[in-house]
Amino acid sequence: MSILQRTFYNRPALEVARDLLGCRLVRFQNGQRLSGWIVETEAYQGEEDLGCHASAGKTHRTAVMYGPPGHAYVYFTYGMHWLLNAVTSREGTPAAVLIRAIQPEAGLEAMAENRPYQARKSGWTDGPAKLTQAFDINGDLNSIDLCSQGSGLWIESGQAVHDGQVSQTARIGLNSVPEPWRSIPWRFVAERGSIHG
DNA sequence: CGGCCGATTATCT
DNA sequence: GATAATCGGCCGG
């Protein structure tokens, strides 16, 4: 196991988003280790990116993105969901990568307990708000350092995902964001089956 | 599987 | 006071 260090995150969000595919998201909760392979990400970078929360400038909520890379940006949306991002780029440059989906590896029982509606549907971690529920991630973890185990949440290096197994599309859910930001292909998806579980 | 719709509240104007 | 980087339920195919 090798925890991704600050140099990994100290790059443009586009590069980090691509390279996070195949890495392992780890949560330590109640003495248990929950983990999964990252299979879908989105890059948000700069105040000029009108899809990025930082496009409204520095506020209490977005301040974390202006800070040093390698920290968690966890925010609340739609009145009920927490979404997890990793802050990228040098301090002063607001950018982050949204973790949209993971492929569960360990701690499935704990994930099931963390999820409501556990008996329903198929995936527990195939959406940005589903995985935060499964991993018990909420606002308490906003701004924590992902480069150490201290806060119980970090990312480890993992499996290499070949370029041929990665597809790039427009980011999801930016319904009122103007072009070109709405359609710019800053979403990265690892093809199903590319992660050997 | 795909599309539509209501839920529910922190954050910002 | 309006909006939102979503989800699950319900419908039709």
Side-chain angles (χ1 to χ4, degrees), chain A residues 9 12-18 20-21 23 25 36 38-67 69 71-89 93-104 111-144 146 153 155 166-193:
Chain A
Y9 298 101
L14 269 176
E15 292 181 23
V16 176
R18 163 64 181 86
L20 276 177
L21 295 179
C23 291
L25 180 68
I38 297 173
V39 294
E40 180 180 344
T41 60
E42 281 175 4
Y44 291 85
Q45 48 182 4
E47 294 183 340
E48 60 284 354
D49 171 8
L50 296 184
C52 181
H53 289 160
S55 63
K58 188 173 181 177
T59 66
H60 178 68
R61 178 176 65 155
T62 62
V64 186
M65 279 198 283
Y66 289 78
H71 287 252
Y73 169 41
V74 183
Y75 74 93
F76 190 71
T77 192
Y78 288 106
M80 60 191 94
H81 299 303
W82 295 99
L83 272 58
L84 170 67
N85 296 252
V87 173
T88 78
S89 302
T93 300
V97 172
L98 172 68
I99 312 296
R100 287 194 59 87
I102 64 133
Q103 183 174 308
M111 292 183 201
E113 284 178 26
N114 290 335
R115 289 275 303 159
Y117 313 110
Q118 41 182 288
R120 319 208 175 260
K121 287 286 182 182
S122 47
W124 295 337
T125 58
D126 58 354
K130 293 185 190 180
L131 72 89
T132 55
Q133 285 176 29
F135 278 63
D136 190 31
I137 293 167
N138 57 49
D140 293 343
L141 292 173
N142 186 40
S143 85
I144 62 104
L146 293 170
L153 179 67
I155 304 176
V166 177
S167 56
Q168 254 177 281
T169 77
R171 295 172 292 183
I172 304 295
L174 304 192
N175 300 310
S176 57
V177 172
E179 299 291 0
W181 311 108
R182 180 176 177 163
S183 301
I184 200 164
W186 286 0
R187 170 176 177 246
F188 296 82
V189 183
E191 185 180 302
R192 244 175 81 85

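Note that the coordinates shown come from a computational prediction; the quantities given were computed from them, not determined experimentally. Residue numbering restarts at 1 for every chain, and letters A, B, ... go by the order of the sequence lines.
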For this session: Tell me which of A/G79 and A/G127 sits closer to the 5' end of DNA chain C, going by the nucleotide each one is nearest to.
Result: A/G79
Exercise. Can you list the residues that meet the side chain to side chain contact (heavy atoms under 4.5 Å, CB included) rule with A/A101, with sequence neighbours excluded?
Worked result: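 Applying side chain to side chain contact (heavy atoms under 4.5 Å, CB included) to A/A101 gives A/V39, A/E40.
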Exercise. In chain order, what residues pass the side chain to side chain contact (heavy atoms under 4.5 Å, CB included) check against A/P180, with sequence neighbours excluded?
Worked result: none
Rounded to the nearest 0.5 Å, what separation is found between the [atom1] atom of [X] and the [atom2] atom of [Y]?
X     : Y      : atom1 : atom2 : value
A/I38 : A/R100 : CD1   : CZ    : 13.5 Å
A/Y9  : A/I155 : OH    : CD1   : 3.5 Å
A/L25 : A/L153 : CG    : CG    : 5.5 Å

Contacts table for residues 167-174 of chain A: side-chain donor-acceptor under 3.5 angstrom, sequence neighbours left out:
from	atom 1	to	atom 2	distance (Å)
A/Q168	NE2	A/P185	O	2.9
A/T169	OG1	A/R187	NH1	3.0
A/R171	NH1	A/A43	O	3.0
A/R171	NH1	A/D49	OD2	2.8
A/R171	NH2	A/D49	OD1	3.0
A/R171	NH2	A/W181	O	3.0

For this session: Among C/dA4, C/dA5, C/dG8, find the nucleotide with the atom closest to the side chain of A/M65.
Result: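 Of C/dA4, C/dA5, C/dG8, C/dA5 is nearest to the side chain of A/M65.
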For this session: Scan for side-chain hydrogen bond (donor to acceptor under 3.5 Å, both in side chains) pairs involving residues 73-86 of chain A, sequence neighbours excluded, and state none if there are none.
Result: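 As it turns out, the side-chain hydrogen bond (donor to acceptor under 3.5 Å, both in side chains) pairs with a partner in residues 73-86 of chain A, which skip direct neighbours, are A/H53-A/Y73.
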Between protein and nucleic acid, restricted to nucleotides 1-3 of chain B and to nitrogen or oxygen atoms under 3.5 Å apart, what atom pairs and distances do you find?
none

Find the distance [X]:[atom1] to [N]:[atom2] and express it as a whole number of Å.
X      : N     : atom1 : atom2 : answer
A/L83  : C/dT3 : CG    : C1'   : 15 Å
A/R187 : C/dT6 : CZ    : P     : 10 Å
A/Q45  : C/dA5 : CD    : C1'   : 15 Å
A/Y75  : C/dT6 : OH    : P     : 6 Å
A/W181 : C/dA4 : CH2   : P     : 18 Å
A/Q133 : B/dA7 : CD    : P     : 18 Å
A/L174 : C/dA4 : CG    : P     : 10 Å
A/Y78  : C/dT3 : OH    : P     : 12 Å

For this session: Using the side chain to side chain contact (heavy atoms under 4.5 Å, CB included) rule, take A/T88 and A/Q45 through it: C-alpha gap first, then chi angles, then the decisive distance, then the call.
Result: CA-CA 9 Å; A/T88 78; A/Q45 48 182 4; 5.7 Å; no
Could you go through nucleotides 11-13 of chain B and list every protein N or O atom that sits under 3.5 Å from one of its N or O atoms, giving the distance for each pair?
from	atom 1	to	atom 2	distance (Å)
B/dC12	OP1	A/T59	OG1	2.2
B/dC12	OP1	A/R61	N	3.3

Exercise. Are A/L14 and A/F188 close enough, and set up right, to give a side chain to side chain contact (heavy atoms under 4.5 Å, CB included), and what steps lead you there?
Worked result: CA-CA 9 Å; A/L14 269 176; A/F188 296 82; 3.8 Å; yes
Problem set entry | Those residues that, when tested against A/E48, pass side-chain hydrogen bond (donor to acceptor under 3.5 Å, both in side chains) (two or more places apart) |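 Checked A/E48 against side-chain hydrogen bond (donor to acceptor under 3.5 Å, both in side chains); zero matches.
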Exercise. Who are the ring-ring contact (aromatic ring centres under 6.0 Å, His included) partners of A/Y66, not counting sequence neighbours?
Worked result: none
Exercise. Does A/H81 make a side-chain N or O approach to OP1 or OP2 of C/dA5 shorter than 4.0 Å?
Worked result: no
For this session: Check every strand shown and say whether A/G139 touches a base, only sugar-phosphate, or nothing at a heavy-atom separation below 4.0 Å.
Result: nothing
Exercise. Under 4.0 angstrom, heavy atoms only, what part of the nucleic acid is A/N85 near: base, sugar-phosphate, or nothing?
Worked result: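 The residue A/N85 makes base contact.
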Can you give each donor-acceptor pair under 3.5 Å made by side-chain atoms of residues 56-65 of chain A, sequence neighbours left out, with the distance rounded to 0.1 Å?
from	atom 1	to	atom 2	distance (Å)
A/T59	OG1	A/R61	N	3.3
A/T59	OG1	A/T62	N	3.3
A/T59	OG1	A/T62	OG1	3.3
A/T62	OG1	A/G57	O	3.1
A/T62	OG1	A/T59	N	2.9

Problem set entry | Proximity to DNA chain C (any heavy atom under 4.0 Å), residues of residues 94-102 of chain A only | A/L98, A/R100
Exercise. Can you check side chain to side chain contact (heavy atoms under 4.5 Å, CB included) on A/I102 and A/F135, steps first, answer last?
Worked result: CA-CA 11 Å; A/I102 64 133; A/F135 278 63; 3.3 Å; yes
Seminar exercise, completed: For DNA chain C, the dot-bracket notation using Watson-Crick and G-U wobble pairs below 3.5 Å, [ ] for pseudoknot-type crossings and | for other-strand pairs, is ||||.|||||||.
For this session: Quick one: list whatever passes salt bridge (Lys or Arg N to Asp or Glu O under 4.0 Å) with A/E191, sequence neighbours left out.
Result: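 Listed in chain order: nothing, the list is empty.
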